[in-house]
Amino acid sequence: MAQLAQVIVDVPTMQTNQPYTYQVPPRLENQVQLGMRVIVPFGNGKRQVQGFVVGLDQPTKYDGQLKAISALMDLQPVINGELLRLSKWLADRTYAFWISSIYTMLPNMLKAKSTRIVRIIDEVDEQTVFDIFHGKDELDFVTVQSNPQIVSRLLKLQRQKKVRFEYVIADQAKPKTTVGIRPQLDFEGLEEARTSLHPNAHAQNRLLSYLQSIVGKTVKQTDAEKVSGLKAVTFNVGVQKGWLAKVPVEVYRTPHSQENLPDDEHLSKPLELNDEQQVAVNKIDQAIDDSQSQVFLLEGVTGSGKTEVYLQSIARALQNHKTALMLVPEISLTAQIVNRVRRRFGSKVAVLHSGLSNGERFDEWRRIERGEAKVVVGARSAIFAPLKDLGIIILDEEHESSYKQDESPRYHAREVAKWRGKYNNAPVVLGSATPSLESRARAMKGVYQLLLLKHRVNKQPLPPIQVVDMRPEIKERGESNFSRELLVKLTDRLARNEQSILMLNRRGFSSFMMCRDCGEVLKCPNCDISLTLHLDSHTMKCHYCGHEEPIPRYCPNCGSREIRYYGTGTEKVEQELSHLIPNARIIRMDVDTTRRKGMHEKLLRQFGQHQADILLGTQMIAKGLDFPNVTLVGVLNADTGLGLPDFRSSERTFDLLSQVSGRAGRADKKGEVIIQTYNPDHYAIRLAQQNDYEAFFKQEMALRHQASYPPYYFTIRIMASHEEEAVAARAMTKIKQELVDNLMPSTIILGPTPRAIARMKRRYYYQIVIKYKQDQRLHSTLQRILQETQSKRRADVQISIDPDPQYFM
DNA sequence: AGCACGCCGACT
DNA sequence: GTCGGCGTGCTC
């Protein structure tokens, strides 16, 4: 039996990022298992913290007195063996704390709330009891923490041993329960009760019959009422007479859309496949059958039926008594795709996305963990779903940068997918119309197997794309977001009662207030970034720290009234559009109109029901939408992303234009696309117009090769920040030297340079970018740099490391 | 993170 | 003398 347990404690710092060894007290000896949560004493005070058991009976070098585990929080492990190993790998790879990577894999509810309580243990004068403790004998320390006077009075009382600081670790993971009905007598006993009933007591008689039908079971009272047709009062009588007991029964918190799941007999049938789809499915099925951890790149144009390939592969995995995981980018995780999976696989499906409450997420997680759900559809973090016996992992739109988490642990879901594929001997399918250059290059080298879908299922040609050069337009007609061609086509659609989608590319866009007299730009006081105007709330907001202030009437610098708004926001475009085409009904979709929960879906539903003629939005409308009545798609400004200092800007522009073009003419009606741009000759725009991914891939690869960027090199970014610019810069110079001294000559080290947004949340940021092919000493060098800089509080410089960064600003 | 310990200036 | 400021080191 286990005597010792290795525990990772919930103290996310560099110095505590290691397992601590605890004794297993005799009363817990047969219960402690790997992956369980425990409460352990930690530190010299009476501090208690939550921790995770990551090892049992491993030898320890520590020669001090071992402490004992205080309590077990779980009866069953919350992390299985696979995920425990994965969490360690993830922490190492992303330079994150082990505890942080454990928490990212679990629903928030499994993170215990730790509270500090101050308790009176000896006579304290009445005034103090009244003032601070409000007449009670204990106090939540958090409520007074920020008041130094109270804190010092409490510390004084502690020294006098009149009060004690205690720790309470409260588990938040509470399953939701409802009232259940449970018969308290057996069949005969209930029959016996019937004999003493008044002849007019029909309801009670019926209750007895009903109870006889559920002897030994527990039924939710709401269900019992429905089935028996009896009222709540009758059940209460039953309780009084001792026939039944009300007991809590566990229920799952399920989001509303899940209520009307198809029952398993009425699932939708698989669709007929074309030859290309059949080839793809056969290859994937073979890998599933052979338990091969092969990675496939499923490259298929919009409408080529990738989803059907996914669904049939999932079905194959289920046939083999395995489970399936399908990731979809958050923004395209719409009801459309979720319902399609649900109609095929019914109640076996669990869905994980950011819209769920903590309770709902926890319950979906438990359905998966218990094996009740065999298919998981979800956004990035669903890659950690506790499915056992994975038979297939699918990443739809694999090129999407949202698969990379932009906070610690900075993991890429694609890398995690490959790890789990290998661990489970399961194939991984990466699907995209415009694969990332990294994936496509691997497919060319044979690391991945390329599966091509060149033809659209409905055999319709892709909509024609027209590129409009905005430069002469502006010269002739002055500043406008709309070219004549686009206006003519919009009006034409309106007359034909067809719909249009307009996309405003906001990537890299700054919309700001500037003084025409002195050139002053209104900036955030905390960050080195201009404030953005929000017409709906009539404020200026900082998109980074959330700072908010009223719209100025006078220039804060020179006092001039000539302070004006520059840049293009959706609101301004909407105003111009409603002026140009007054009778068009417009729905605007951007961060502001969709911030409230459910607004995204609501607006799309309204548009789908043709309550508007034009859907105007930002990038969020480019993905996955499928409206048969849309015959025109316009991109107002195709090139704003091209000027960014980021080697992926062309790739992103090409993706975006390809994606948004796919939104036109989805059904039998012919569609067309208009792209407005100031760079009509740019290869990303020209090749997107020609739908030529292949040519784009070749040209972009040549550029990446020439500039030593991925996929020819790996990249890693180091960031340092400090309140004082010089301190951050100095720390980085030192780090650079250490890198130069230790890394291979073939490794390229760029910087340090101030970041594009050099100041954020009152801190200055510097970065170094490393480009390398392979470098044995890179990992250990970075690890050492982290240790050295973070262990001592070296002037509070914060260092973070981002492997394979998606953005370089 | 939290907490103790230890060293310094300012005060009942 | 003692209180409390913060810099430093440690947590099985």
Side-chain angles (χ1 to χ4, degrees), chain A residues 2-26 28-29 32 34 36-73 88 91 96-103 111-119 139-170 407-409 722-724 727 786-800:
Chain A
Q3 307 281 315
L4 301 176
Q6 276 69 41
V7 175
I8 288 291
V9 291
D10 183 8
V11 182
T13 67
M14 205 64 224
Q15 301 128 79
T16 53
N17 187 29
Q18 49 160 341
Y20 287 87
T21 304
Y22 285 86
Q23 285 178 329
V24 177
L28 298 177
E29 239 172 35
V32 177
L34 284 180
M36 282 182 171
R37 294 177 302 157
V38 289
I39 296 172
V40 291
F42 193 69
N44 20 5
K46 287 212 178 62
R47 194 176 171 202
Q48 299 274 325
V49 296
Q50 178 174 268
F52 290 81
V53 178
V54 300
L56 289 172
D57 285 335
Q58 287 167 18
T60 170
K61 275 181 262 154
Y62 184 69
D63 55 2
Q65 180 63 45
L66 297 182
K67 291 180 182 174
I69 293 173
S70 307
L72 256 184
M73 297 184 72
K88 179 75 171 85
F97 306 128
W98 196 348
I99 187 69
S100 312
S101 85
I102 288 173
Y103 277 131
K111 181 169 171 120
K113 273 224 161 62
S114 127
T115 47
R116 272 185 297 166
I117 289 179
V118 190
R119 184 183 299 284
L139 168 77
D140 186 349
F141 186 68
V142 180
T143 59
V144 296
Q145 206 166 21
S146 53
N147 187 329
Q149 272 130 46
I150 294 183
V151 170
S152 78
R153 275 170 82 181
L154 287 172
L155 287 173
K156 194 177 282 177
L157 287 168
Q158 188 198 22
R159 261 177 261 120
Q160 296 166 358
K161 298 237 180 331
K162 290 188 170 173
V163 302
R164 193 167 62 202
F165 284 72
E166 292 178 359
Y167 291 84
V168 180
I169 307 283
E407 58 191 51
S408 174
H722 192 269
E723 286 184 20
E724 285 173 63
V727 179
L786 267 186
Q787 290 281 354
E788 280 169 10
T789 47
Q790 300 305 90
S791 62
K792 299 181 201 82
R793 286 161 211 193
R794 195 180 283 179
D796 278 338
V797 181
Q798 283 175 16
I799 308 273
S800 65

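Just so you know, these numbers use all the heavy atoms, side chains as well, and skip hydrogens, waters and symmetry mates. Letters A, B, ... mirror the listed sequences (proteins, then strands); counts begin at 1.
Atom CD of A/Gln50 is separated from atom P of B/dG2 by 14 Å (rounded to the nearest Å). A/Gln798 has its CD atom 14 Å from the C1' atom of B/dA1, to the nearest Å. Note: CD1 (A/Ile8) to P (B/dA1) measures 17 Å, nearest angstrom. Atom pair A/Leu154:CG and C/dC3:C1' shows a separation of 17 Å (rounding to whole Å applied). Atom CD of A/Gln3 and atom C1' of C/dC12 are 16 Å apart (whole Å). For A/Trp98 and C/dT11, the CH2 to P distance is 19 Å, given to the nearest whole Å. Between the CD atom of A/Gln18 and the P atom of C/dC10 there is a distance of 12 Å, given to the nearest Å. Rounded to an integer number of Å, the gap from A/Phe165 CZ to B/dG2 P is 13 Å.
Proximity of A/Tyr20 to the phosphate of C/dT11: no side-chain N or O atom is located under 4.0 Å from OP1 or OP2.
DNA chain B is contacted by both A/Asn44 and A/Arg47; A/Arg47 maps to the nucleotide lying nearer its 5′ end (nearest heavy atom per residue).
Here the nucleotide nearest the side chain of A/Gln15, chosen from C/dC12, B/dG2, B/dA1, is B/dA1. Closest to the side chain of A/Thr21, out of B/dA1, C/dC12, B/dG2, is C/dC12.
Using a 4.0 Å heavy-atom cutoff across all strands shown, A/Pro41 reaches sugar-phosphate atoms only and no base atom. In this structure, A/Phe42 reaches the bases: a heavy-atom distance under 4.0 Å links it to at least one base atom across the strands shown.
With sequence neighbours excluded, the residues satisfying side chain to side chain contact (heavy atoms under 4.5 Å, CB included) with A/Ser800 are A/Arg410, A/Met719. By the side chain to side chain contact (heavy atoms under 4.5 Å, CB included) test, A/Thr13 pairs with A/Val11, A/Gln15, A/Thr16, sequence neighbours left out.
Of the options A/Val168, A/Asp10, A/Val7, A/Ile169, a side chain to side chain contact (heavy atoms under 4.5 Å, CB included) to A/Ile39 is made by A/Ile169 and by none of the others.
A heavy-atom distance below 4.5 Å is not found between the side chains of A/Val24 and A/Gln3.
Of the inter-residue distances, the one linking A/Ile8 atom CD1 with A/Ser101 atom OG reads 9.0 Å to the nearest 0.5 angstrom.
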